Structure formats: structure tokens, C-alpha cells
Amino acid sequence: MSSLSAHYPKKVTLTNCDKEPIHVLGQIQPYGFLLVFDKKSHTLSRVSQNVFSFFDISKKSLRDYDVLSIFGQIGGLKLENHFKSINTKPIEIEYKKKSYVTIVHYTQDLIYAEFEPVTDKTVVVSQYDLSEIFSELSNATSVEDMCTKTAHLIRKQFEYDRVMLYKFDEEWNGEVIAESCAVHKNSWLGLHYPATDIPQQARALFLKQGVRIIKDVDAVSSSVYPPIDEKGNALDLSLCELRAVSPIHIEYLKNMKVGATLTAAIICNGMLWGLIACHHDSSKFINYYQRLTVKFLTQVFATQLTLRSSNEVLQRINNTASQRSLLVKQMSDHWDVHRGLTTYPCTFLDVTDADGGAIYLNKNLTVIGNTPKKESILKIIHWIHKSHNENVFKTNKLEEIFTSDENLSGEAAGVLCIFLKENATDCIIWFKPEIIKTIKWGGKPTKIIDDVNHRISPRKSFDLWKEIQKGVSLPWKDYEIASATSLVDSITKVIISKYDEVKKLNEELQLAYKDLETFSYSVSHDLRSPLRGISGFAQIIKEDYFDTLDDYGKTSIQRIIDASNKMNKLIDDIISFSSLGKSHVSLGNFSMQEVLSEVFDFLQVNLLYKHTKLIVQDDIGDVYGDRAMIFQVLVNLLDNALKYSHTKDQPIVKIGKIIDGSSVTYYVKDNGIGFKETHSNRIFEMFSRVVDDRQFKGSGIGLAIVKRIIERHKGKIWTESVEGEGATFFFQLQKPEI
Ligand code: ADP
């Protein structure tokens, strides 16, 4: 059979103490009575044991009782009507000439009625006091001031020995941020308490109930009867005013030498922000009406607090709005996100309180301010991307969750990272350094496991215990996250509009290529037929009438033939250049040796350059690139090398490669005429020739084609030459993707 103890974990450890079932402990504080009725029949279903000594109720047959049989005609009818209308307003019921405040709440099947003897009914806060409180709180100069005023006000009204405002941090540790206490008490202001002091299930109940008192830590609780129902369930006392507290908490309070408490939850935007915690040395009772007043005061305080924090956030966001629009302008001016965000006096760091940051976009990382090394930043970004699903990641204790060989806390104890696109590591990341500070704990924050009962017992000492906190940065405030997120949204918009712009330009470029190609073909067609005519007729004259011509006529005919051949070559080159832009680069591995043999055949090397010594490095190996395009590159480079060296006595052309780490550089070297070093860039321009036109034929397009192809391979090309001694052309290609 199930029993109450079954709700307890077999062994309470530091990790499962959060599971202590404090809402079904089956005990109430004995300053009142609990009667639980069936919602349908209104008959009695459960009671607190202390009922039997006050009410004329027999333990044996609870179901025989209803409100009329217990409270008689007047009180009974009053309650019956209350129940029928599901009324939750407290009402006063008389029983044996004593008045009780009855607090009723309903669940799906049950009606809970709690009876507290009426003590002092006076409403503690008058209208005058109320308006005083309002104006005092709204005149407070800061949140701290408001908290202190509230602590004083509550103590003045309810005369507890100590009233504290306790604020939770992100990990639910608490800090006493304001206090008002009796002269005989030591101040606890500024002390911290670990999250385990108010475990998660207690915090959840605070959210539900708002204000709670413990009238007397020494009072013996009254058990619920029967402890479990027919289904074996204990009674859920979550919403009961009288609910007894956990024995661990009572022990904790006794260790603290506290006799009675009142706790009010400060709830902002639906979240538990903190508590108003009142302690009294001895037993102390605050009646239901007074508790309502505390609840009301706490709500006023929480509203003021929410208002102030929202105003502060709004103001800070507004302050950064002008910076954000300036940053967007800077980015759009040059269509450059990196430059726009980092090189002007206003940088992306200004939208937060960060000391350093980085932009990671299209595999480029730009850093500013106080940051870890670039490699570490990349590791952090990849780790966040891999291990967190959200777009926005923040921590002020990176060290605790990210393992690194180096100490990152000096620059990056705090990290705020916002990704720009889904499923990509492009992001903006901000860093805050660690702030080393001393935390004053109210006792060493550990719980002791009692070996005998296997229960956690709270610490016995609440003496000041100092801890040096390291590896923690200032927290990321809401307004920082809001501003950073807005900035990232703007960046995304800039990137999208840039993308649209590029897309449009690309479309225009494609059209231009098409036009250029059509133009080139029509030019070639229109020029080639008259050219063929000129060259054909010149050939006929040369073959049939050559002897009849004088010397001038003979050289003129030869010039016409040479010029038309040159023009034919020029047309070929223009067509080949214009078709380069539109063709797709299809990358792959292929044998360099094989391509070179094809190039030699194509250039008729054996026939035309018999005297040239052609050397190809033995292990020239494979190349990664577009085969047809690389063929074109080699044709042009070798054609030049052969052409511009064949006038030498012993022309030598060498093709090889240089390996440096992971990069491979190919080269074509000759011992020909070379050129002045100052021409080394010019020669890659269209129609740029730096040789004597009469001696060396050419169109000045070959190297422009070569450069274009290498650029389309995301590689680079450069040259070295000594005039009269030869030239070497080097090129590198894009590395294969792994
Ligand atoms: P061209 O048809 O004139 O060779 P290129 O674009 O291939 O056109 O080359 C441009 C110019 O660069 C050439 O006119 C020549 O002046 C120079 N050049 C190219 N390769 C060499 C080389 N191997 N040795 C000397 N000069 C060269």
C-alpha cells in the first residue's frame, strides 16, 4: 500500500533534494483547521486531525458530514451558497460563538475550506497610508532605494525583527539587497544564499501562492486524515494557507534561530524575481487580512519594479537605436559588413557593454577590442553552433561549460553570440572579461547528508563565509541582448539586400556576356568572309602573278597575307575570351602530363620548335581544376614561352611545380627575351604587348585569357622576368575541397 513516505526519494542526495514533495507532506500548521469536501456531494472527505478536538465530528464516518450538519443552519447555509457559486472570497463563519475567517479554494473534485480564528480584523493600511506608500515608492531614486523603502515599510507595519528583500540571480542563488532590522540584529545586507536554500519546488509554490507564514517553528503540525485517499493519493496542499513546511526547512530556520516567518513572492512578468522575507525571533501570527495587505504591497512593489526595469530597458535600447542606424549606414555605404561594423568610430561593440567582439561572416573573422586569439574564437563559435540550438547564446561563465587549453576568462568569461543564418556558423560574438569579486555567503553553502536518516540536513552555521569568485563576467542585461539582436536583424537585412543587388548585377552581367558573345560571333562572321576574300585573292596573286610583280608588289602581297592571318588569330582570341565568362568551371583531378602532351601536339612543338629544349618535371602529378580551361592556360603560356625564346641560340622551356606546405605553384619558365619588371602587371591586360610587333606576332589577348581563367579558379598568377634573360610565369589554383 502506498504511504506518505513513498513520496520521499529513498535516499535524499544533494542532487535530488529538489524533489522533496513539499506539497503533499500531509501536514498543516496547527493555528487553523482544514476541512476538505467532495465537490459534487459537498460531503466531508478529508480533515486535519486537530479538527476532532474542536468540531463535533467523528473520525469514523467523515462522509456523513456536510456543511449544514457541521455548522448548523446559519453558518452551514452561508458556506453551502459559497461553495455553490465557487466563491473564493474569504467569509467569516461562526462556530460555537467563535468567529473564523474561512478561506476557500477549489480543485476539479474537491473544495478546500481553511478556518483561521479571527484575531485582529483591523485593516492595517489606511487609504492615507496607501497613497503615502505609492508616492514613496514612485519617488524612490533607484531600485535599491525602492527596495530599502519597502523593507522599512513592511517592518513598520508588521513589526517583524528582520525584513529582507531577497533577489534571485540567474541560477536562483539569492542576495539580500535591502534590509530593515531590529537594533539587536546583525545586518545580513549583501549576504548571498545558495539556490538550494529555497529549492525549485518551493519556488514553484511561491509563484502559485504569493504570501506564506510560518507562525511557530516549534509548533507540532497537524496531519491530514485520512493520509491517503482510496486511490492511495496524498492530499495536494499546494494552495493551502495552512500548509506545513518541510522538516528540512524548519530545521534550517531553527539553525538560524528564527521563530516565525512571513514570505511574499515578488513576481515580475510572471517570473519569480525575489522574495520579501520577514523573520521573527519568536512565534508570530499575521492574520489573513494582514497577509492580504502584504500581498497587495508586494504587488505594488513588483509593478513599480517592472515599470522601472522596462523603462530602463527601453531607454537603453533607444540609446543604442541611433548607433544601430549609424552602423547600418556604414555597412550599406560600402556593401561591406566587416568594414562597416569595425573600422569607424562607432562599432558593433557600442550596442552592448562588451569589451571585445568578432564578426564571422563567409569564413572571414574580424575582431575588435579585448578578445581571445582568433583560433580560440573560431573554436568557441563552432562549439556553440554544434551544441546549442538557439540563435542567441549567452553565458557569463564560459569556463564552466567550455573546455579550452588556454585560460579564456581574461577576455571571454562572458559570451553573447547571435547567429546570422540558420544552420550556418556566420555570427556576431561579444565578449566580457571576468570580474574577480568576493562573494559573502550567509554560511558556507553546503548541505550535510545525515548518515542515519539519509536525509539532507541544512547547514548549522550561518557565519559569514567569503568566496573569491573567478571566471565570471558581469551578466548580459536584457537591453544588451535586445540591442544586439536588433543589430543582427539589421545586418541580415543588409546582407539580403546586398545579395539582391549582387543577384541583379549578376543577371545584368550574364546579359552583357551574352551580348558580348553574340557581338563577337557576328563580328567574326562579318569579318571573316571579307577577310577570307582578301587572303584568298592575295594568295591567288602570290601563286599566279608573283613573278610579274616588282619587289614592292611582292612585299605588299606578303604583308596582306600576314595581316589577314593576324586578323584571323585576333578574331579567334576575342571569341575565346568572350566565351570564358559564361562557361561553367567544372572542377576535378586530372593528369598534368596528359594535358601537356595534348598542348604540345596542339602547338606542333616537334615541328615548329625543333631546336627548343622542352623539360617537364618528372613528378608533375595531378592537377585540380577545369581540364579544358587549364589546357587553354597552358597553351597560352607555352606558346609565349616558345615564341619569345626561339630567337635564342639554345632555347629552353621548363614546366614544373613547387610545393610549399599545402600550396602548389606551377610554373612555365623560358630563357627568352624576357621583359622589364615594370611590365609584369601590364602584360595581363587586354591588347597589352611589350614586344616589337614586327619581330613577334601576337594579339595581346593570351595572358588576359590566362588571368581570367586563373581568377575563375580562385587562384593567382604572377610573373618574374629579367629583360634579355627570360621569363617565368607562376600560377596557383584553388585547393580541392575536403
Ligand atoms: P601576345 O599575343 O602578344 O603574346 P599575350 O597576352 O600572350 O599576348 O602576352 C602579352 C605580352 O606579354 C606579349 O606581347 C609580350 O610582350 C609579353 N610576354 C608574354 N609572355 C612572354 C614571355 N614568355 N617572354 C617575354 N615576354 C612575354
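Sequence positions, counted from 1, serve as the residue numbers for this chain. Read the numbers this way: they start at 1 and go in the same order the structure lists the ligands and their atoms. What you see is a predicted model; the values in this text were computed from it and never measured.
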Write 'none' if nothing qualifies; otherwise put on separate lines each N/O atom of ligand 1 with a protein N/O atom under 3.5 Å away and their distance to 0.1 Å.
residue  : atom   : partner : partner atom : Å
ligand 1 : 2 (O)  : S699    : N            : 2.9
ligand 1 : 2 (O)  : G700    : N            : 3.2
ligand 1 : 3 (O)  : Y644    : OH           : 3.3
ligand 1 : 3 (O)  : R689    : NE           : 2.4
ligand 1 : 3 (O)  : R689    : NH2          : 3.0
ligand 1 : 3 (O)  : G700    : N            : 3.4
ligand 1 : 4 (O)  : N640    : OD1          : 3.1
ligand 1 : 4 (O)  : K643    : NZ           : 3.2
ligand 1 : 4 (O)  : Y644    : OH           : 2.8
ligand 1 : 6 (O)  : G702    : N            : 3.3
ligand 1 : 6 (O)  : L703    : N            : 2.8
ligand 1 : 7 (O)  : N640    : OD1          : 3.3
ligand 1 : 7 (O)  : N640    : ND2          : 2.8
ligand 1 : 7 (O)  : L703    : N            : 3.4
ligand 1 : 8 (O)  : G700    : N            : 3.3
ligand 1 : 14 (O) : Y644    : OH           : 3.3
ligand 1 : 14 (O) : R689    : NE           : 3.3
ligand 1 : 16 (O) : V690    : N            : 3.0
ligand 1 : 20 (N) : N640    : ND2          : 3.4
ligand 1 : 23 (N) : D670    : OD2          : 2.9

Walk me through it: do E598 and R627 pass the test salt bridge (Lys or Arg N to Asp or Glu O under 4.0 Å)? CA-CA 11 Å; E598 287 169 28; R627 197 180 192 282; 3.0 Å; yes
Would you please test E711 and K707 for salt bridge (Lys or Arg N to Asp or Glu O under 4.0 Å) and show each step? CA-CA 6 Å; E711 277 168 359; K707 187 165 183 244; 3.4 Å; yes
Sequence neighbours left out, what pairs pass salt bridge (Lys or Arg N to Asp or Glu O under 4.0 Å) with at least one residue falling in residues 612-626? none
In terms of side-chain geometry, is the basic nitrogen of K397 or E171 positioned less than 4.0 Å from the acidic oxygen of its partner? yes
side-chain hydrogen bond (donor to acceptor under 3.5 Å, both in side chains) against D601, all qualifying residues, sequence neighbours excluded: none
Where at least one partner belongs to residues 473-491, residue pairs that pass salt bridge (Lys or Arg N to Asp or Glu O under 4.0 Å), sequence neighbours excluded: K432-E480
